[in-house]
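The structure displayed is predicted, hence computed values, not measured ones.
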Number of protein chains: 4
Amino acid sequence: MGAVRTGRMPRAVREQQMLDAVVQIFGRRGHTAASMDEIAELAGISEPLVYLYLNSKEDLFTACIRREAAALTGAVRDGVRPGLSADRQLWEGLRAFFTHTARHPEGWAVLHLQARTHGEPFAAEIAAMRAEIVAFVAELILVAAREAHHDPALPERDVAGLAEALVGAAESLAAWANATPGVTSRQAAATLMNFAWAGLGDLMENRPWSPPVEPARGQGRG
Amino acid sequence: MGAVRTGRMPRAVREQQMLDAVVQIFGRRGHTAASMDEIAELAGISEPLVYLYLNSKEDLFTACIRREAAALTGAVRDGVRPGLSADRQLWEGLRAFFTHTARHPEGWAVLHLQARTHGEPFAAEIAAMRAEIVAFVAELILVAAREAHHDPALPERDVAGLAEALVGAAESLAAWANATPGVTSRQAAATLMNFAWAGLGDLMENRPWSPPVEPARGQGRG
Amino acid sequence: MGAVRTGRMPRAVREQQMLDAVVQIFGRRGHTAASMDEIAELAGISEPLVYLYLNSKEDLFTACIRREAAALTGAVRDGVRPGLSADRQLWEGLRAFFTHTARHPEGWAVLHLQARTHGEPFAAEIAAMRAEIVAFVAELILVAAREAHHDPALPERDVAGLAEALVGAAESLAAWANATPGVTSRQAAATLMNFAWAGLGDLMENRPWSPPVEPARGQGRG
Amino acid sequence: MGAVRTGRMPRAVREQQMLDAVVQIFGRRGHTAASMDEIAELAGISEPLVYLYLNSKEDLFTACIRREAAALTGAVRDGVRPGLSADRQLWEGLRAFFTHTARHPEGWAVLHLQARTHGEPFAAEIAAMRAEIVAFVAELILVAAREAHHDPALPERDVAGLAEALVGAAESLAAWANATPGVTSRQAAATLMNFAWAGLGDLMENRPWSPPVEPARGQGRG
DNA sequence: TATGAATGAGCATTCATTCAT
DNA sequence: CATGAATGAATGCTCATTCAT
């Protein structure tokens with residue numbers, strides 16, 4: 001995005017430029033197929049400088065994953081207002097998720113596709129991030145169960161499975177929404193809320209989950 | 001599995017041995033990181049023989065993807081009895097799916113992880129297979145809607161999104177079931193049917209979807 | 001030329017088929033770039049059979065060179081009638097040479113181009129053949145000098161150089177005649193006889209060497 | 001020649017070292033049989049550096065051919081003084097030609113033997129160079145005819161054939177002079193001038209072409 | 001006589017990485 | 001801070017050749 005400035009620059013800026021380039025390349029080609037050459041060229045610097053700043057290809061990939069993971073989880077966290085009911089919190093989290101993945105497709109590709117297909121250091125990083133999100137969703141489900149006055153609530157393993165299912169559905173819909181022209185992140189979130197909260201059975205009976213009317217948040221795409 | 005027979009063998013046998021090895025290696029490392037060396041060694045043959053029979057690394061990967069995709073879709077197709085109601089068909093399909101992915105984890109890794117992260121010939125192959133499955137699920141949803149006497153049924157795009165969500169949830173649960181000790185394919189399928197058919201809302205109200213009692217199909221299929 | 005017969009055949013026939021194929025392939029691609037694969041396929045037999053008959057690639061090339069060299073020197077020898085004057089003998093030899101090289105371009109390519117560019121066993125073979133031809137030409141020049149009543153005749157080294165020059169000119173004209181549409185072997189031979197016998201000086205003075213009228217030999221192309 | 005300097009050096013120097021090595025190896029073995037390994041070793045560098053600077057084996061061969069072709073045609077051009085009569089110009093050109101080929105036998109081998117036996121990019125390059133030389137010779141012959149007051153001069157095709165013959169004779173004599181101890185480039189040129197200008201017929205009559213006495217050009221050029 | 005099965009050795013090329021300046 | 005010069009180690013692929021049948 002935008003012309004890369006060349007010449008001497010503070011280290012922090014250079015590092016961000018490099019990571020921007022890395023996200024592009026890794027997102028498109030993956031870790032193994034990407035060459036340091038290409039990364040340095042896209043970042044507008046020489047190859048040795050890449051090594052000077054970020055020791056090795058592995059460190060580069062790790063840094064890239066961490067930055068993108070932090071950006072994604074941060075976006076979701078910031079999108080959720082804590083006080084609301086569980087389904088409203090989930091709704092807001094999903095909207096933030098779909099919005100972020102739509103805006104950062106390469107970053108999402110790194111996290112969802114590339115990082116998982118390469119040996120241990122990276123897969124673990126992704127697993128941690130994903131576990132965090134799944135735990136968040138599981139917590140919401142437990143809260144919802146509690147709100148519905150169920151004691152004992154759903155068994156723990158069931159909750160874990162349901163959260164896994166929901167997150168998997170979200171990941172799938174993110175790709176679908178990005179690939180299907182005309183599907184907004186709002187629609188993707190609504191589809192998923194209907195599916196997850198109301199279930200197909202209720203949908204058959206014309207009892208959808210209804211998304212709340214949003215007064216004035218107007219974030220571009222949503 | 002087990003030591004590979006050595007010595008002279010007919011071509012067809014060797015080709016299967018090779019594809020078995022390829023699934024292992026590609027499933028673990030991915031296309032780019034896998035070396036032909038390694039594959040040949042695991043197959044118990046010399047490298048040139050791999051080229052003699054399967055031409056190139058790309059052809060090898062393609063053949064591997066095709067074989068595994070055919071095995072998976074075939075398993076699901078064979079697991080579903082056509083006459084039943086939509087939810088029963090979905091239930092059976094999911095059981096077959098989770099059983100197959102649990103039994104062939106490397107094959108599933110090739111299809112779900114590796115093939116999607118490498119250039120066009122492979123991603124397209126996978127996209128085609130996945131589209132087939134999504135279409136099957138979408139059809140089931142439409143049938144269910146028709147069975148519930150709804151006219152007009154759900155809008156087409158909604159159905160597509162729901163099917164995507166369901167398939168994504170299944171993919172996610174397959175990994176979860178494989179990674180979580182003690183989770184059977186039956187439980188994974190039950191979790192997903194609850195999630196998909198009843199929805200979280202109904203689950204909160206203690207109205208789960210109930211899996212059918214299976215009379216005499218035994219442990220054979222999971 | 002013509003469909004290759006397949007199935008069991010006497011060894012001698014098979015060997016000629018193989019050498020025919022070898023001449024084609026070596027003539028076009030050269031020794032190193034030609035593959036045994038290709039040769040076997042063009043000969044219509046399996047690779048091991050090639051080894052059974054003609055031990056190795058080197059032997060194959062050697063056999064090919066020998067056959068083509070014998071054919072060429074034989075054609076020249078047969079074309080020359082011994083009793084004539086030196087210039088007539090040269091004239092007839094050149095006609096035979098140009099005719100043969102025009103009819104067997106791949107064989108000529110093997111001898112003139114390919115065999116000389118590959119290590120010692122082959123270059124020596126070619127050098128021997130060429131030396132034979134050069135010696136024949138040198139002898140003709142000596143005879144001509146004797147006929148002109150010169151004693152002492154030209155110094156030996158001069159004769160050798162002149163013969164080399166004449167043969168080189170012939171080689172060059174062979175390629176030129178093959179590449180230039182409309183130039184017959186007769187014209188090529190006439191050009192060379194003029195050049196060699198009369199010399200540019202005489203040609204400038206309009207004193208060409210005149211080719212004899214050939215009564216009834218009419219060999220197609222000449 | 002002599003041990004190659006090692007250590008860090010500017011790119012231009014390394015490239016010349018590489019091309020020097022390439023001429024040796026290609027001249028001896030030809031394009032196909034030469035290995036990049038061998039070339040790098042002879043140049044005193046590592047293989048990757050060859051690729052870094054000259055891209056590929058094909059580019060290497062092309063660069064080598066171009067350098068040697070330019071050197072040869074340049075030497076001939078520089079050896080000829082334009083004002084002289086046609087035979088004197090030819091004489092000087094031949095002297096330069098034989099001198100150059102004697103001093104650069106590997107380069108000459110690359111041009112005359114190796115480059116012609118390998119596929120199209122190279123053969124075309126050589127054909128162009130050779131055509132340039134043949135055209136130069138043909139022009140000299142035409143000038144000579146004009147000087148001799150002949151109108152109409154020789155037919156165009158005859159001139160082309162004569163030039164081809166002369167160039168072929170020169171090529172042949174270059175190899176002969178290099179292989180025959182004691183034959184200088186001057187003698188080779190004299191032999192060829194006699195052959196070409198006087199012709200065998202005149203030589204038989206003791207009417208050779210006489211090379212000019214060279215006053216003070218010394219041994220420098222041959 | 002003839003072939004399908006199989007391989008050891010080599011080769012062009014690439015890439016992550018280092019070092020001297 | 002930044003780079004031009006340089007390389008060790010792999011990797012995909014080919015080929016001449018052998019052997020069991």
Let's see if you can work this out: which of E:dA2, F:dA6, F:dA2 has an atom nearest to the side-chain heavy atoms of D:Leu49?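 Minimum distance to the D:Leu49 side chain belongs to F:dA6.
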
Aromatic rings B:Phe61 and B:His31: how do their planes relate, parallel, tilted or perpendicular, breaks at 30° and 60°? parallel

In whole angstroms, how far is the [atom2] atom of [N] from the [atom1] atom of [X]?
X	N	atom1	atom2	answer
B:Tyr53	E:dT7	OH	C1'	12 Å
B:Leu52	F:dT18	CG	P	18 Å
D:Ile25	E:dA12	CD1	C1'	16 Å
B:Arg8	E:dG4	CZ	C1'	7 Å
A:Glu38	E:dC15	CD	P	9 Å
D:Arg29	E:dC11	CZ	C1'	14 Å
C:Glu41	E:dT3	CD	P	13 Å
B:Ile45	E:dG8	CD1	C1'	15 Å

Return yes when atom CD of C:Gln16 has more than 12 non-hydrogen atoms of other residues, nucleotides or ligands closer than 6.0 Å, and no otherwise.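 Count over threshold, so yes.
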
Atom CD of C:Glu15 with >12 non-hydrogen neighbours under 6.0 angstrom: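 Yes - once you tally the heavy atoms of other residues, nucleotides and ligands closer than 6.0 Å, there are more than 12.
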
Could you give the distance from CG (C:Asp59) to OH (C:Tyr53), rounded to the nearest 0.5 Å? 16.0 Å

Between CG on residue C:Asp20 and CD on residue C:Glu106, distance to nearest 0.5 Å: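 It comes to 10.5 Å.
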
Per the atom types in the model, does the base of F:dC1 pair as donor or acceptor with the side chain of A:Arg11 at under 3.5 Å? no

DNA chain E: stems of at least 3 consecutive Watson-Crick or G-U pairs, cut-off 3.5 Å?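 Paired runs of 3+ in DNA chain E: E:2-21 with F:2-21.
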
Given protein heavy atoms under 4.0 Å, the one-letter contact record of nucleotides 9-14 of chain F, with B base, S sugar-phosphate only and - none, is simply ---SBB

Check A:Thr32, A:Leu113, A:Val110 against A:Phe26 for a side chain to side chain contact (heavy atoms under 4.5 Å, CB included) and give me the one that passes. A:Val110

Main-chain N/O of D:Ala34 paired with D:Lys57 side-chain donor or acceptor, under 3.5 Å: yes

Using the side chain to side chain donor-acceptor pair (under 3.5 Å) criterion, which residues pair with A:Glu47? Sequence neighbours excluded.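 With sequence neighbours excluded, A:Glu47 shows a side chain to side chain donor-acceptor pair (under 3.5 Å) to no residue whatsoever.
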
Looking only at side-chain N and O atoms, does A:Arg14 come under 4.0 Å of OP1 or OP2 in F:dA2?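 The answer is yes; a side-chain N or O of A:Arg14 sits under 4.0 Å from OP1 or OP2.
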
Please confirm whether the ring centroid of C:His104 lies under 6.0 Å from the ring centroid of C:Trp108. no

